**Q** 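Sharing a structure below in structure tokens format, with a few things to ask.
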Amino acid sequence: CRTLFPNYFSRPFTQYQKDFWEWGWKVESDTYHRPRVECEPRGVGKSTNAEALVVNLIARKKRRMVGYVSLDETKATKHFETIKSMLESDKLLEYYPHCKPQVQKLKDTAAQWSREAIVTESGAMIVPLTLLGSSRGWKSSTGDRFDVLVLDDIDKLGQSPDFTAKLIEMLKGEILAAGNDTTLVIMPQNLIYR
């Protein structure tokens with residue numbers, strides 16, 4: 001991280017960040033790993049580490065279909081742009097040329113929504129999804145299921161318990177169902193509700 005992305009990783013890792021990366025380096029293709037919830041204080045790089053792990057998994061060819069889920073379009077776009085920027089890094093592409101990204105427009109079969117996605121030269125895809133948007137019912141035209149789901153910035157302060165319950169139902173019924181038995185689930189999140 002510090003070699004390829006010094007602008008994102010300028011400080012030494014904390015112990016929980018080291019633990020996260022030790023876990024992340026053990027992720028293998030087509031293998032079940034328990035979901036990983038990273039619940040640390042604000043401002044310690046939870047999202048940055050999750051975004052970099054997505055790039056890492058694609059670079060090492062351990063995963064290839066990523067759904068990056070946020071509450072709304074603004075947050076989803078922020079994560080999309082960071083991952084795209086990491087994949088465009090000259091240093092990264094020097095070691096992993098198959099990661100060269102291209103933005104592609106996706107549409108569902110009924111043309112009810114469209115969405116930009118990142119597609120790498122090796123065919124890996126990162127699709128930003130929103131819980132409050134129309135893209136959460138996204139389905140691959142080839143029938144591929146997500147092998148990574150990152151649930152990042154999926155709630156906010158001040159939302160009601162009813163709204164939280166609705167989000168949990170969406171996650172269970174629509175988002176997690178878009179994966180399979182070996183889908184890697186990562187949730188970097190501030191502690192809002194115990």
Side-chain angles (χ1 to χ4, degrees), residues 1 4-11 13 16-17 20-21 23-24 27 35-60 62-89 92-93 96 99-106 113-120 124-138 140 144-157 159 167-168 170-171 174-176 178-179 183-192:
C1 289
L4 298 179
F5 309 117
N7 294 342
Y8 292 104
F9 297 94
S10 57
R11 296 179 290 190
F13 281 168
Y16 47 79
Q17 290 166 330
F20 175 76
W21 280 99
W23 170 83
V27 172
R36 181 79 183 207
V37 177
E38 289 295 311
C39 198
E40 286 103 27
R42 284 189 184 280
V44 297
K46 292 180 299 298
S47 292
T48 303
N49 280 283
E51 293 157 350
L53 182 60
V54 165
V55 172
N56 172 291
L57 294 171
I58 289 169
R60 294 187 304 125
K62 300 299 180 183
R63 301 292 164 128
R64 51 179 289 110
M65 184 67 89
V66 180
Y68 209 103
V69 184
S70 297
L71 179 65
D72 58 39
E73 205 62 47
T74 302
K75 292 176 179 182
T77 300
K78 181 184 73 133
H79 297 302
F80 179 85
E81 291 300 329
T82 301
I83 292 170
K84 182 174 168 280
S85 173
M86 288 178 169
L87 288 169
E88 290 171 336
S89 160
L92 176 83
L93 294 173
Y96 304 102
C99 288
K100 186 174 182 180
Q102 185 176 29
V103 175
Q104 196 175 87
K105 193 83 159 180
L106 305 174
W113 61 262
S114 65
R115 157 74 64 211
E116 285 188 338
I118 299 168
V119 180
T120 67
M125 184 180 285
I126 301 103
V127 182
L129 303 170
T130 62
L131 290 173
L132 299 181
S134 59
S135 64
R136 52 176 206 267
W138 180 82
S140 163
D144 292 329
R145 292 192 166 272
F146 290 116
D147 58 9
V148 179
L149 286 167
V150 181
L151 313 176
D152 194 352
D153 289 326
I154 60 168
D155 60 358
K156 62 183 177 181
L157 287 170
Q159 69 189 36
L167 290 182
I168 290 170
M170 267 191 251
L171 282 170
E174 296 184 38
I175 302 297
L176 295 175
T183 297
L184 183 68
V185 178
I186 306 164
M187 185 176 176
Q189 192 68 27
N190 298 313
L191 180 61
I192 294 179

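This one's a predicted model, so the numbers in the text were calculated from it and none came from an experiment.
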**Q** How about Lys78 and Asp153: do any of their side-chain heavy atoms sit closer than 4.5 Å?
**A** yes
**Q** Please say whether more than 12 non-hydrogen atoms of neighbouring residues, nucleotides or ligands are located less than 6.0 Å from CD in Glu88.
**A** yes
**Q** Given side-chain contact (heavy atoms from CB on, under 4.5 Å), test Leu131 with Ile175 step by step and report yes or no.
**A** CA-CA 9 Å; Leu131 290 173; Ile175 302 297; 3.8 Å; yes
**Q** Could you measure the distance from the CE atom of Met187 to the CZ atom of Arg36? Nearest 0.5 Å is fine.
**A** 14.0 Å
**Q** Minimum heavy-atom separation for Val150 and Pro188, please, with both atom names.
**A** CG1-CD, 4.1 Å
**Q** Once you measure the plane-to-plane angle for Phe9 and Phe5, does it fall in the parallel (<30°), tilted (30-60°) or perpendicular (>60°) bin?
**A** tilted
**Q** Could you check if a side-chain atom of Ser85 sits within less than 4.5 angstrom of a side-chain atom of Tyr8, using non-hydrogen atoms only?
**A** yes
**Q** Answer whether the closest heavy-atom distance between the side chains of Leu167 and Ile154 falls below 4.5 Å.
**A** no
**Q** Give a yes or no answer on whether the side chain of Arg63 reaches the backbone of Asp147 with a donor-acceptor pair at less than 3.5 Å.
**A** yes
**Q** For the residue pair Glu51 and Tyr68, establish whether any side-chain heavy-atom pair is separated by less than 4.5 Å.
**A** yes
**Q** Supply the atom-to-atom distance Arg64 CZ to Met125 CE, rounded to the nearest 0.5 angstrom.
**A** 9.0 Å
**Q** Could you tell me whether the side chain of Val69 reaches within less than 4.5 Å of the side chain of Leu151, counting heavy atoms only?
**A** yes
**Q** I'd like to check Thr48 versus Met86 (side-chain heavy atoms, cut-off strictly below 4.5 Å). Are they in contact?
**A** yes
**Q** Is the shortest side-chain heavy-atom distance between Asn56 and Leu53 below 4.5 Å?
**A** yes
**Q** Just one of Asp144, Thr183, Leu149, Ile126 clears the side chain to side chain contact (heavy atoms under 4.5 Å, CB included) bar with Met65, so which one?
**A** Asp144
**Q** Hey, is the main chain of Asp152 close enough, under 3.5 Å, to the side chain of Ser70 for a donor-acceptor pair?
**A** yes
**Q** Going from CD on Gln17 to CZ on Arg11, what distance comes out if it is rounded to the nearest 0.5 angstrom?
**A** 7.5 Å
**Q** Check whether any side-chain heavy atom of Tyr16 lies under 4.5 Å from a side-chain heavy atom of Asn49, and answer yes or no.
**A** no
**Q** With side-chain contact (heavy atoms from CB on, under 4.5 Å) as the test, would you mind laying out the steps for Phe146 and Val127 before giving the verdict?
**A** CA-CA 9 Å; Phe146 290 116; Val127 182; 4.1 Å; yes
**Q** Among Ile58, Val66, Ile118, whose side chain to side chain contact (heavy atoms under 4.5 Å, CB included) with Ile83 holds?
**A** Ile118
